[in-house]
Amino acid sequence: MKHASDLKRNLFSIDGKSYSMYKELRGSYRFDGYILSLDRIQGDPFAPPSALSLQIPFEATGIPAEYLETKNRRITLQDYLTRRLAKEMEDYSFKARGSGKSGLIAISRCGQTVLERTACRITEKAVFVRFHVGFPANGRRINGRELEKILFQFLPMCAEEALFYRNMNPKHLERAIFLSDDQQFIREELKKRGLAAFVAEGAVLPRKSGVSDLPMKGAVPFQSPDSLKVTMELPHQGRICGMGIPCGISLIAGGGYHGKSTLLNALESAVYNHIPGDGREYVICDDTAVKLRSEDGRFIKDADISMFINDLPNGKDTRCFSTLDASGSTSQAAGISESIETGSSLFLIDEDTSATNFMVRDAFMQRVISRSKEPITPFVERARQLYEQAGISTILVAGSSGAFFHIADTVIQMDSYRPFDITEKVKELCPEYPDAAGMPPVFQLPQSRRIMNVPKELQRERQRRPLKVKVHGIDSFSIGKETVDLRYVEQLEDGEQTASLGRLLEYALEYLTDGKRTIPQIVSLLEEKLEAEGLESLFSGNAVCGFARPRKQEIAACFNRFRR
């Protein structure tokens with residue numbers, strides 16, 4: 001391995017020369033206390049910045065070894081260090097002069113949730129951090145002296161301040177680690193107590209704005225109804241009270257703008273842990289929960305939607321249903337079928353974003369159009385069976401149809417952002433408004449027939465050149481010429497998860513697609529690989545900054561929307 005002095009000498013020798021000569025610097029260099037690797041070097045000052053990494057012996061950081069005792073703690077520590085390094089790098093970014101992206105120093109920008117990222121990986125032996133640097137240029141000529149500032153002054157100072165325990169506030173780090181312990185404890189308690197979700201008293205659910213995930217200042221703190229209040233003794237926080245939403249069918253009702261969707265949105269995000277100060281630290285949901293909605297125009301291939309749709313006039317087989325342009329009802333039926341296959345045990349549904357004819361049929365409509373003429377079995381008739389026969393709970397926001405009251409085990413009314421348990425009141429009123437639902441067809445869980453294939457056009461393109469994945473923010477990515485639309489996969493928290501989905505799909509097409517394996521089988525294989533080897537295992541080389549791990553549910557959702 002080369003020494004830092006070799007790097008400095010090489011920088012001086014290529015100063016002022018063609019920018020492409022920066023590539024000669026690629027490699028690893030030993031500095032005092034760490035190893036710096038130049039993993040990928042940009043070919044142009046206006047191109048995507050270079051990828052670098054640092055490797056520091058874990059023992060040298062001084063971080064207590066007990067913070068690596070569990071997977072949950074390790075991910076939290078990685079997140080904590082990434083945030084610290086991002087803050088330090090922001091102070092030094094672009095202080096080195098030059099054209100294009102010269103002087104950029106950046107690492108992953110973390111939001112309100114704690115995600116497993118490639119930006120920082122910690123083992124018992126070492127801390128690995130990956131980041132981007134814009135190599136300085138004058139026009140298209142190397143500015144070696146400015147890069148020397150970055151590599152020999154700015155980066156060492158950033159690493160010293162962000163990654164070594166002696167420069168941290170021990171209480172802040174301890175708070176983050178202990179919070180993750182408490183959050184994991186609540187997740188385990190949910191299963192023991194038969195709860196689908198928990199919302200702590202005092203939680204701040206509203207967000208600052210539609211484009212900001214920060215907590216809203218002055219928001220009404222959450223207060224649990226006495227009848228749904230549960231108490232837990234957390235390992236570190238101690239006693240905590242909040243609303244426990246039981247497994248089964250729970251209905252969130254109330255007038256418009258009173259906080260129904262705000263509560264549901266908090267539960268959607270509660271499949272992830274949140275950072276201290278977010279307001280939703282102790283809002284915890286079943287981590288397999290899936291937010292479901294209609295998606296007009298969605299691609300569907302070989303999905304078993306027969307649980308909800310049968311006897312189509314055109315005779316199409318709904319046990320193996322395909323379409324290039326799904327209706328709202330068929331897309332929502334497919335979403336439920338696909339989520340069952342991933343092992344989800346909680347569905348989150350908002351009536352406002354659902355297909356009306358999929359969710360419910362009122363009494364008048366049933367009198368006018370007989371069941372024999374209607375191929376759709378509405379969700380209101382299947383929800384009870386999903387819970388009793390498949391163990392799948394539902395939390396449903398409803399504001400317009402009273403039909404859902406008849407199937408609900410628990411009814412929560414949101415009034416000015418405060419929840420009230422009106423279950424008993426609803427049960428008393430139900431006999432006055434008879435349920436029009438009839439006996440649904442026999443309940444059968446969907447059977448997957450969705451074999452994953454490489455489209456012929458993609459095969460031809462792959463023969464000409466390696467497939468290229470391009471990420472378009474959080475909502476979509478393209479692989480080759482094919483775009484995968486993820487706008488309605490609403491539990492993606494970060495564009496880095498979308499980037500990972502693109503790479504996971506590329507990897508699956510390259511190594512796991514054999515014309516025999518189904519999508520659930522391929523997703524399970526990928527999950528096993530990620531669990532055992534991490535996201536880095538999907539890449540050759542070390543230039544893998546900018547990826548975050550998605551859940552199994554989002555991987556399956558991505559693959560199901562790929563037009564294979």
Side-chain angles (χ1 to χ4, degrees), residues 71 75 113 115-118 268-269 271-272 285-293 295 298-303 331 334-348 446 448 450-455 458 467 469-479 482-514 517-539 544 546-564:
K71 177 185 175 183
I75 292 173
T113 51
L115 301 176
E116 186 174 3
R117 301 176 187 268
T118 56
E268 290 171 35
S269 183
V271 296
Y272 304 103
C285 191
D286 182 322
D287 57 11
T288 68
V290 172
K291 170 69 188 303
L292 296 164
R293 58 167 297 154
E295 300 178 53
R298 209 204 103 171
F299 167 79
I300 297 172
K301 179 72 180 298
D302 298 339
S331 65
I336 290 177
S337 173
E338 293 159 359
S339 297
I340 290 173
E341 290 171 355
T342 64
S344 294
S345 54
L346 175 61
F347 293 155
L348 306 173
S448 176
R450 298 194 314 287
I451 304 297
M452 191 163 179
N453 295 306
V454 183
L458 211 56
L467 292 178
V469 175
K470 185 175 182 180
V471 181
H472 311 290
I474 195 172
D475 290 335
S476 67
F477 66 86
S478 57
I479 179 166
E482 178 70 35
T483 297
V484 181
D485 186 353
L486 302 173
R487 284 175 297 166
Y488 300 127
V489 181
E490 297 185 341
Q491 287 166 287
L492 285 173
E493 289 280 324
D494 195 296
E496 290 194 355
Q497 289 177 301
T498 306
S500 294
L501 290 174
R503 176 55 187 149
L504 284 162
L505 177 57
E506 182 185 14
Y507 183 91
L509 293 174
E510 187 72 30
Y511 299 107
L512 301 178
T513 303
D514 60 1
R517 292 191 179 108
T518 64
I519 288 179
Q521 289 171 336
I522 289 176
V523 171
S524 293
L525 289 172
L526 285 170
E527 272 289 292
E528 291 172 8
K529 184 175 181 64
L530 293 179
E531 198 63 30
E533 304 173 38
L535 272 171
E536 295 89 346
S537 63
L538 303 175
F539 302 86
V544 292
F547 297 88
R549 183 171 173 177
R551 297 187 306 155
K552 179 181 181 180
Q553 285 72 21
E554 281 67 58
I555 298 173
C558 167
F559 287 14
N560 283 315
R561 285 158 180 78
F562 171 59
R563 294 175 181 256
R564 57 202 180 279

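When a residue number appears, it is its place in the shown sequence, counting from 1.
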With heavy-atom distances below 4.5 Å as the criterion, would you say the side chains of [X] and [Y] are in contact?
X	Y	answer
V523	T342	no
F547	L538	no
V544	R503	no

Note to self: Under a 3.5 Å cutoff, is there a donor and acceptor pairing between the side chains of S476 and T483?
What the structure shows: no

Next item on the list: Report the residue from E496, E527, E533 that forms a salt bridge (charged side-chain N to carboxylate O under 4.0 Å, His left out) with R549.
Entry: E527

Margin query: As an exercise, state the distance from NZ of K552 to OG1 of T288, rounded to the nearest 0.5 Å.
Written below: 10.0 Å

Check: From F559 CZ over to L526 CG, what is the distance, rounded to the nearest 0.5 angstrom?
Finding: 5.0 Å

Next item on the list: Indicate yes or no: does E268 engage R293 in a salt bridge with an N to O separation below 4.0 Å.
Entry: no

Notebook entry, point to check: Are any of the side-chain nitrogens in K71 or E531 under 4.0 Å away from the carboxylate oxygens of its partner?
Noted result: yes

Note to self: Taking side chain to side chain contact (heavy atoms under 4.5 Å, CB included) as the definition, give me every residue that meets it alongside T513, ordered by chain and number, with sequence neighbours left out.
What the structure shows: M452, V454, L509, I522

Notebook entry, point to check: With sequence neighbours left out, what residues match T113 under side chain to side chain contact (heavy atoms under 4.5 Å, CB included)?
Noted result: L115, S269, Y272, H274, E493

Next item on the list: Please step through side-chain contact (heavy atoms from CB on, under 4.5 Å) for the pair D485 and R561, ending with a clear verdict.
Entry: CA-CA 7 Å; D485 186 353; R561 285 158 180 78; over 6 Å; no

Next item on the list: Before giving the answer on side-chain contact (heavy atoms from CB on, under 4.5 Å), spell out for D302 and I451 the whole-Å C-alpha distance, their side-chain angles and the decisive distance to 0.1 Å.
Entry: CA-CA 8 Å; D302 298 339; I451 304 297; 5.8 Å; no

Checklist line | Derivation and outcome, side-chain contact (heavy atoms from CB on, under 4.5 Å), residues F562 and I479 | finding: CA-CA 10 Å; F562 171 59; I479 179 166; 4.0 Å; yes

